[in-house]
There are 2 protein chains.
Amino acid sequence: MAQPTTEPDAPAPAASAASEEGRDLVRDVLGRIGDKWSVVVVCRLGGTTRRFNELRRLSAPITQRMLSATLRGLERDGLVTRTVHDTKPPRVDYALTPRGLGLLQVVRPLAGWAEDNATEIRDSRAAFDAR
Amino acid sequence: MAQPTTEPDAPAPAASAASEEGRDLVRDVLGRIGDKWSVVVVCRLGGTTRRFNELRRLSAPITQRMLSATLRGLERDGLVTRTVHDTKPPRVDYALTPRGLGLLQVVRPLAGWAEDNATEIRDSRAAFDAR
DNA sequence: CGGTATCCGATATGATACTG
DNA sequence: CAGTATCATATCGGATACCG
């Protein structure tokens with residue numbers, strides 16, 4: 001980011017998320033995909049291209065408003081493409097970009113973990129709340 | 001849902017998160033770790049055990065309140081253990097449980113992806129907002 | 001040291017109605 | 001079909017102060 005001059009040598013971020021502002025950035029990115037629906041939508045998109053209402057059914061019970069907002073956020077981050085076909089009735093296709101596919105690769109294991117551990121976690125919560 | 005009778009063979013949920021209530025559960029779990037700090041704290045804990053303020057420094061700029069709340073949430077889900085040593089001054093150790101270590105395995109790649117793509121995503125956002 | 005209690009504003013999300 | 005606009009609310013999370 002625009003450090004024009006005077007770099008002694010310090011290129012290597014070395015460990016993870018070293019720089020101060022780098023960590024802010026990483027938390028921003030995680031916050032984006034950490035909203036209620038992004039992970040669901042990315043997983044539902046997968047490697048194929050889907051239309052709006054198709055995606056909505058697959059991601060139920062997402063509301064129209066939230067799907068729209070989620071997709072715009074993902075598009076803003078360069079994770080999905082939005083293609084408008086000028087037909088009647090209108091048709092809009094969404095698909096993951098290469099960057100979005102990269103996200104899918106790391107997010108699918110997460111969703112899998114959540115699924116695998118869901119019932120045990122629910123039990124842990126119940127036990128914790130019981131005392 | 002609830003195909004009462006006559007299942008020819010259909011045992012496999014095949015794809016991910018098949019059952020209706022299963023999906024709710026999965027979204028609950030994802031919502032938990034999708035808050036602002038859980039991923040950071042889990043990564044900072046890693047395989048070692050840390051004290052409260054130590055963790056707080058490592059997770060800066062988290063507030064005391066949020067670290068406390070985040071840790072309690074993770075403990076509730078059976079992802080971290082909380083060990084109180086009755087010394088003076090008090091000392092409390094936190095560590096990931098086996099289940100928490102499992103989460104770490106899938107969350108670390110996610111954090112790595114966020115780090116790797118942070119600047120490009122920031123640029124995409126700027127470009128999107130510009131128009 | 002390791003918290004909890006309280007207050008409060010920002011944001012995320014849902015419900016509903018309307019549109020090209 | 002694929003959205004947007006508006007309103008209401010719940011929750012998140014920061015600041016601050018106090019406690020054992």
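Note: hydrogens, waters and symmetry copies are ignored here, and every other heavy atom, side chains too, is used.
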Heavy atoms only: give me the nearest Leu96(B)-Gly100(B) pair and the separation to one decimal.
CD1-O, 3.9 Å
Phosphate oxygens OP1/OP2 of dG2(C): is one of them under 4.0 Å from a side-chain N or O of Arg51(B)?
yes
Separation of dC1(D) atom P from Gln64(A) atom CD, nearest Å, is 10 Å
Expressed as a whole number of angstroms, how long is the span from Ile33(A):CD1 to dA12(C):C1'?
17 Å
Can you tell me which residue among Arg82(A), Arg50(A), His85(A) is in a side-chain hydrogen bond (donor to acceptor under 3.5 Å, both in side chains) with Asp93(A)?
His85(A)
Would you tell me if any nitrogen or oxygen in the side chain of Ser68(A) comes within less than 4.0 Å of OP1 or OP2 on dT4(D)?
yes
Atom-pair distance (CZ on Arg50(A); P on dA2(D)), nearest Å
13 Å
To the nearest angstrom, the CZ-P distance between Arg57(A) and dG3(D) comes to 14 Å
Hey, is the side chain of Arg56(A) poking within less than 4.0 Å of OP1 or OP2 on dG3(D), counting only N and O atoms?
no
Test side chain to side chain contact (heavy atoms under 4.5 Å, CB included) applied to Val40(A) and Arg27(B), step by step
CA-CA 8 Å; Val40(A) 173; Arg27(B) 264 186 297 102; 4.0 Å; yes
Between Asn117(B) (side chain only) and Glu120(B) (backbone N and O only), is there a donor and an acceptor less than 3.5 Å apart?
no
Check the phosphate of dG14(D) against Thr63(B), side-chain N and O only, distance under 4.0 Å to OP1 or OP2. Yes or no?
yes
Where the side chain of Met66(B) is concerned, which of dA2(D), dG13(D), dG2(C) is the nearest nucleotide?
dG13(D)
Asp28(B) CG to dT11(D) C1', in whole Å, measures 14 Å
Checking Arg32(A) side chain against Ser38(A) main chain: does a donor-acceptor pair fall under 3.5 Å?
no
Counting only side-chain nitrogens and oxygens, does Lys36(A) get under 4.0 Å of the OP1 or OP2 atom of dT11(D)?
no
What are the two closest non-hydrogen atoms of Leu67(B) and Phe52(B), and how far apart are they?
CD2-O, 3.5 Å
Map Pro90(B) and Trp37(B) onto DNA chain D by nearest heavy atom, then report which one ends up closer to the 5' terminus.
Trp37(B)
So the stems of DNA chain D, runs of at least three Watson-Crick or G-U pairs (under 3.5 Å), are C:1-20 with D:1-20
Search all heavy atoms of Arg44(B) against all heavy atoms of Ser59(B) and return the closest pair with its distance.
CG-OG, 3.7 Å
Asp86(A) atom CG is separated from dA2(D) atom P, nearest whole Å, by 13 Å
So does Tyr94(B) get a side-chain nitrogen or oxygen closer than 4.0 Å to the phosphate oxygens (OP1/OP2) of dC1(C)?
no
Whole-Å distance between dA12(C) C1' and Leu67(A) CG?
16 Å
Taking atom P of dA2(D) as reference, at what distance in whole Å does atom CG of Leu58(A) sit?
13 Å
Does Asn53(B) or Arg65(B) map to a spot on DNA chain C nearer the 5' end, using the closest nucleotide for each?
Asn53(B)
